[in-house]
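Right, one structure below, let's go through it.
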Amino acid sequence: MTPSVENVRVTSRNEDADVAVRMEGVDKWYDTFQALKDINLTVASGERIVICGPSGSGKSTLIRCINQLEVIQKGRIFVDGIELSGRRNIAEIRHEVGMVFQQFNLFPHMTVLENCMLAPMKVRRASRAEAETTARRYLERVHIPEQADKYPAQLSGGQQQRVAIARALCMNPKVMLFDEPTSALDPEMVKEVLDTMIDLANEGMTMLVVTHEMNFARSVANRVIFMDRGEIVEAAPPEEFFNNPKHERTRAFLGQIS
Amino acid sequence: MIRQFGWNEFELLVFAARWTIVLAIIAFVGGGIGGLIVALLRTADSRVARTAMIVFIRVFQGTPLLMQLFLAYFGMAIFGFSVNPLIAAMIALTAHASAYLGEIWRGCIQAVPHGQTEAAKALGLHYFARMRHVVLPQAARIAVPPTVGFLVQLLKETSLTSIIGFVELTRQGQIITSVTFRPFLVFGLVAAIYFAMCWPLTLVARWMERGMARATNR
Amino acid sequence: MNALKNALAIVVGVGLMLAGSLAGADTLQDIQSRGTIKVGMLVDFPPYGLMNEQNQPDGYDADVAKLLAPDLGVKLQLVPVTGPNRIPYLLSGQVDVLVASLGITPERAKSVDFSEPYAAITIAVYGKDDEKITKPADLAGKTIAVARASTQDTAVTKVAPPSATIRRFDSDAAALQALMSGQVPLIGCSNVCYLTIQKLAPGKFNKKFELSSQVQGIAVKPGEQNLLARINQFIDKIKANGELDKINEKWLGEPMPAVLKKK
């Protein structure tokens, strides 16, 4: 488990800057169903993690715990050196963590530009002009600057997901979470979204990506994590993970999806 | 003693309609503010707030407005609080409208997909910004038709305030009928005046719906 | 109106609970120290209570109230009430007394105290001037119109000899129409209804004999002995000095009915 941090690293105010996210002994329950069992995971700054596993294995739940969309019952989670402590620093953590959803979740009553400007203005207290400059810059980066004044419903799925990525980036997060970002897309649109994510990876963003796109995992991930029944079964660099999986359940899963 | 129905009587009806309008405005404004609070608390994370609002809604939806007016006025007087009928009407109409609008708007808030709230949370928007900029604008669009439907009904229900002494449109109609013996004429006019007050509301509703549809479906 | 009755029951119940604290209060003193009496009256029950052309409360009850206030040496404040809310208005203290055509019934006497009767609605047989009828037996062989299932129907049916024909109509208005058009020579109806008859055909019909009457009293909160005594004194006075007769003539077109005279 040697994270190779080869690109530009986002500077952190903490001396423990190498660690972006740390989870220690995390348990998560939905009533009587245990969704996460004793999760221990350390993600270095700039590291790209791909999480895979069968449905219901807890992979989405795991990343949703990081920005507190889910509340954990046991264990500790640190983001950028700050421990999540319920309500008190919830906003602080969310400033640093961007998230992209399977269903895009763009705000349908706002234009693309407004989608991207809302959080910087309301959360970061940026001026309208600043927010707009930032928004246009990131729309440029996801290659859809010309769509800025359209409404989400006028865009294709792939374009919408790229807007969602730009919207998250406008908050200048330290960590990006992707929850099955290409699962709701038509096949011909998957590539444009993955390409955007690869660009982001190349710029050194710390990323946790829940996905079934194994080619993406192979080419981008520093580590691939396999989860099953709420547990991390195996975590290894992609070469090792795909060519020489240690665990029986990993082999079975890889056999099913390839 | 039997009087002809003339211009004087017509004027009395129109003047009485001013009370109907005043009472309706009180109910709309009070119910609008109260209803928003009820809807927000009803969809809040706090179980205590939700339960309190469920009780509030059950009580005020489960009892007739007539009783609420009655108790707000006569009930308080029994306990030695001599309330002005206008205050009593304000209390009862506001509570009644808050319970109904709160429940209508709760449904509209919950109809906004949960992913919208999650996306707003993930962006770090706090509760009020989330509601103000993300959830409520989307809820408002579906809220317009049922809200206006309720307001039209509420405007007509202000006639119940005659129980605490208001001579509004319906009551004035009854009084004039009793001396003119022209029920069809008088209540026909009363109905026409109500219609003239409700019709603009439905026009406004249609205009708002169109405006909001433009904003989202462009 | 069942719900209203329940609410009334609540109010009355709470009122009784607070009776202890109310016992100390004397409404007559309150009225005198305030200098104003608040009188509840109906405004949709002509000729007893109505709104006149100036949109002011008027009618038989208003005229009685206009005599009552100066008799007590205070100013008058008329408060329009309605049939369903008049007793709550009284019991909750929003008005001091009701001069509101409140018929004296045993059921109502449980929640309010009544004065001596000051008005009456009389059910009588009326007919064409040339009909020589003074008592029920004279109805033999005659045809008489009534509103079906009304108080007058019950009263006429009880006293009419078997040879009389009772024509039952759906309403007073329909019975009245039959009388006007000459289909029937006689009608059983109230004195209020008779006013309409006189309005439509002045001087053609007169009263033959009374069947029954519902007397009305001024109502006060239970236990207001001083106020009630004072009001009874007032009623005796206006009965004796002819003022109540004048009010009856003015609004009902006939002198004070006999039923008000007997003590």
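Within every chain, numbering begins at 1; the chains are lettered A, B, ... in the order of the sequence lines, protein sequences first and strands thereafter. Keep in mind it's a predicted model, so treat the numbers as computed, not measured.
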Next item on the list: Inspect the surroundings of CE in Met197(B) and state if more than 12 heavy atoms from other residues, nucleotides or ligands are less than 6.0 Å away.
Entry: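 Enclosed.
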Check: Would you say Phe184(B) has more than 12 foreign heavy atoms packed within less than 6.0 Å of its CZ?
Finding: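 Incorrect, the count does not exceed 12.
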Next item on the list: State the NZ-CD1 distance between Lys121(B) and Ile90(A), to the nearest 0.5 angstrom.
Entry: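 That separation rounds to 7.0 Å.
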Check: Between Leu125(B) and Leu118(A), is a side-chain contact (heavy atoms from CB on, under 4.5 Å) present by the stated rule, with each step listed?
Finding: CA-CA 9 Å; Leu125(B) 291 166; Leu118(A) 179 66; 3.6 Å; yes
Item checked: side chain to side chain donor-acceptor pair (under 3.5 Å) contacts touching residues 101-117 of chain B (sequence neighbours left out) -> Glu103(B)-Arg106(B), Trp105(B)-Thr147(B), Arg106(B)-Gln110(B), Gln116(B)-Gln138(B)
Next item on the list: Pick one of side chain, backbone, both or neither for Arg167(A), based on which atoms fall under 4.5 Å of a heavy atom in chain B.
Entry: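 Arg167(A) touches chain B through backbone and side-chain heavy atoms alike.
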Checklist line | Interface residues of residues 98-107 of chain A facing chain B - non-hydrogen atoms under 4.5 Å apart | finding: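 Those residues of residues 98-107 of chain A which have a heavy atom under 4.5 Å from chain B are Met99(A), Phe101(A), Asn105(A), Leu106(A), Phe107(A).
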Mind listing the closest non-hydrogen atom pair of [X] and [Y] along with its distance?
X	Y	value
Lys122(A)	His133(B)	CE-NE2, 3.2 Å
Leu123(B)	Ala168(A)	CD2-CA, 4.3 Å
Gly124(B)	Val123(A)	O-CG2, 3.4 Å

Checklist line | Results of ring-ring contact (aromatic ring centres under 6.0 Å, His included) for Phe10(B) - residues two or more places apart only | finding: Trp7(B)
Note to self: Tell me which of these, Ala120(B), Pro137(B), Ala119(B), has more heavy-atom pairs under 4.5 Å with chain A than the rest.
What the structure shows: Ala119(B)
Margin query: Which one wins on heavy-atom pair count under 4.5 Å against chain A: Arg132(B), His126(B), Glu118(B)?
Written below: Glu118(B)
Notebook entry, point to check: For chain A, which residues from residues 34-42 of chain B lie under 4.5 Å away (heavy-atom distances)?
Noted result: none
